[in-house]
Amino acid sequence: MLVAGLYAAMSYGLALIYGVLKIINLANAGFLMLGAYVTWWLFTAFHVHPLLAPLAIVPLFFLFGSALERTLVRRVLGAEPIISLLLLFGVWLVLQNLAYVIWTGDTRSIDTPFIDATVSVAGMQLAVPRLYVFAMGVLVLVGLQLFLTRTYLGRAIRATAQDRDAARLVGVDVERVNGIAFGIGIALAGFGGSLLSLLFSFTPDFGRTLSLKSFCIVVLGGLDSIVGVAFGALSLSLAEAFGVRYMPASLQNLISFVVLVVVLIVLPKGIVGTLRALRRG
Amino acid sequence: MLELHELAVAYGDVRVLWDVSLRVERGEIVTLVGANGAGKTTLLRAISRTVPVLAGRIELEGERIDRAPSARVVERGVAHVPEGRRLWPDMNVEDNLRLGSYPRRARVDVEASLEHVFTLFPRVKERRRQVCGTLSGGEQQMVAIGRGLMSKPTILMLDEPSLGLAPIVVSEMFAAVQRINAEGTTVLLVEQNVRQALEIATRGYVIETGRVVGSGTPDELLASDQIKKAYLGL
Ligand SMILES: Nc1ncnc2c1ncn2[C@@H]1O[C@H](COP(=O)(O)OP(=O)(O)OP(=O)(O)O)[C@@H](O)[C@H]1O
Ligand SMILES: [Mg+2]
């Protein structure tokens with residue numbers, strides 16, 4: 001269940017980008033992978049502790065994300081969904097190939113005493129990195145919620161997500177908000193990737209199955225709600241923990257796919273979307 | 001303070017406004033009437049810069065704003081309360097209002113503006129923690145107008161504020177508009193409720209299929225055969 005924090009951390013960006021720009025960031029996996037590699041590279045080349053890597057990754061990925069929005073994504077925003085899907089799929093492939101060129105296809109992992117540390121809580125041996133990643137997942141949730149509800153910029157982002165024209169009418173520069181939201185989404189993916197590198201070894205192909213889980217989580221949560229993502233991540237990790245008791249572990253990845261299909265049929269608006277619809281009457 | 005010169009607007013290839021010229025002086029309530037699809041909403045959207053201007057000029061206190069970004073127009077003191085309210089349904093009333101103070105000029109006074117809106121619409125205050133999607137039509141309209149006021153506008157543009165409201169609520173709405181005007185805000189009011197709009201207006205314009213076909217004081221307009229036939233059913 002601790003894995004819920006990880007699932008959430010790697011999905012917030014996807015939900016934020018979908019909420020504001022109404023496009024699905026197929027390159028999410030690429031940025032997760034890149035976040036993991038940058039963490040590894042900073043560690044092996046410069047001896048930067050992996051826990052400090054996000055201090056560099058978050059601002060860099062933010063800038064890269066906003067630049068990507070300004071140069072490429074912006075051009076396809078009004079177009080059919082397939083166009084942005086293809087574009088971002090292309091971005092993913094480019095990132096992947098870059099990683100092959102720079103870091104080769106060898107499997108990488110980070111080794112520090114921190115990675116292997118455990119603590120015993122109530123008689124259970126828990127891996128410290130897992131606890132840490134869970135805590136980060138919660139922290140990002142709280143931070144994002146505060147940002148989105150308490151600051152003008154955060155509220156402008158929510159307003160743009162809910163009704164773009166209305167946001168324009170109160171003076172929000174929605175083009176700028178697009179860039180910022182995409183930047184934050186990419187920064188969150190990079191941060192998620194950095195966290196992943198604490199738990200898994202990885203190759204440039206890293207993130208493929210995890211990406212499917214991200215899609216499952218945001219669909220479960222309601223596509224554009226940050227709290228929904230946390231719910232979705234929790235539900236999926238519970239479903240998986242429960243599922244492995246009754247089926248071979250090799251089928252664990254199937255669970256997210258089954259959940260995805262079931263949710264799309266039963267609750268197409270996700271948990272939060274359905275609650276909202278009920279609340280509105 | 002607001003002047004339109006031979007304004008033309010099109011959606012793609014479809015021309016919607018032709019050579020529209022009109023003027024709103026400081027302190028006035030100017031009403032814009034016309035049948036469905038005449039182009040009233042488009043006219044307001046051109047002023048708030050949420051639809052591109054094809055030709056012509058829009059001047060606000062002598063400064064051209066027809067190429068300015070929408071954010072700049074709000075910053076300059078023009079608030080547009082859109083047709084259909086367009087509140088953010090998943091935010092509560094207070095968050096909707098507070099976002100109205102998004103322009104830097106308005107942010108410093110957000111608490112005072114909020115109090116002002118609450119005095120104007122006490123019912124909005126009672127509902128401040130409620131999510132907007134759950135409000136009645138009249139309450140939503142009050143929040144929408146309140147959100148417009150939160151930007152501390154010098155000119156408030158209202159697009160059919162009485163649409164879909166019960167008659168008694170409509171009267172409240174018109175009374176509120178009059179009060180807002182008396183407090184010093186100029187008003188440009190689009191209405192289908194022609195009689196009531198002309199009762200509170202200083203002047204009016206009639207738009208038909210994208211052109212201004214008449215203008216004058218309420219008395220002049222009420223006396224014209226055109227208005228009588230088309231809008232008052234006389
Ligand atoms: N986004 C749009 N794209 C294309 N055409 C549009 C668009 N919005 C409005 N139109 C067309 O422009 C014309 C004017 O519409 P507009 O909404 O400005 O009229 P209106 O006077 O506000 O009407 P109503 O009283 O129904 O609100 C109509 O023929 C309408 O079909
Ligand atoms: Mg209209």
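Values below: every heavy atom of this structure, side chains too, minus hydrogens, waters and symmetry copies. In the text below, chain A, chain B and the rest are named by the order of the sequence lines, each starting its count at 1.
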- Task: Working to the nearest 0.5 Å, report the span between CE of M157(B) and CG of L169(A).
- Result: 8.0 Å
- Note on the structure: Rounded to the nearest 0.5 angstrom, the NE2-CZ distance for H80(B) and R168(A) is 13.0 Å
- Toward chain B: residues of residues 60-83 of chain A with heavy atoms under 4.5 Å: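 The stretch does not come within 4.5 Å of chain B.
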- Item | Contact class of V51(B) relative to chain A, heavy atoms under 4.5 angstrom |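 Neither part.
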- Query: Between Y152(A) and R107(B), does a side-chain contact (heavy atoms from CB on, under 4.5 Å) hold up when you go through it step by step?
  - Reply: CA-CA 9 Å; Y152(A) 270 103; R107(B) 281 188 204 183; 3.5 Å; yes
Enumerate, atom names and distances included, each donor-acceptor pair closer than 3.5 Å involving a side-chain atom of residues 67-78 of chain B, sequence neighbours excluded.
from, atom 1, to, atom 2, distance (Å)
R72(B), NH2, E63(B), OE2, 3.3
E75(B), OE1, R104(B), N, 3.4
E75(B), OE2, R105(B), N, 3.2
R76(B), NE, E63(B), OE1, 2.7
R76(B), NH2, L60(B), O, 3.2
R76(B), NH2, E63(B), OE1, 2.8

- Where is the tightest heavy-atom contact between V170(A) and Y102(B), given as atom of each residue plus distance?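 Minimum heavy-atom contact is O-CB, 3.5 Å.
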- Task: For residues 176-186 of chain A, pull every pair meeting side-chain hydrogen bond (donor to acceptor under 3.5 Å, both in side chains), keeping only residues two or more places apart or in separate chains.
- Result: R164(A)-N178(A)
- Message: Only pairs of heavy atoms separated by less than 4.5 Å count here; which of V174(A), D163(A), T149(A) has the most with chain B?
- Response: D163(A)
- Residues of residues 94-101 of chain B under 4.5 Å from chain A (heavy atom pairs)? D95(B), R98(B), L99(B), G100(B), S101(B)
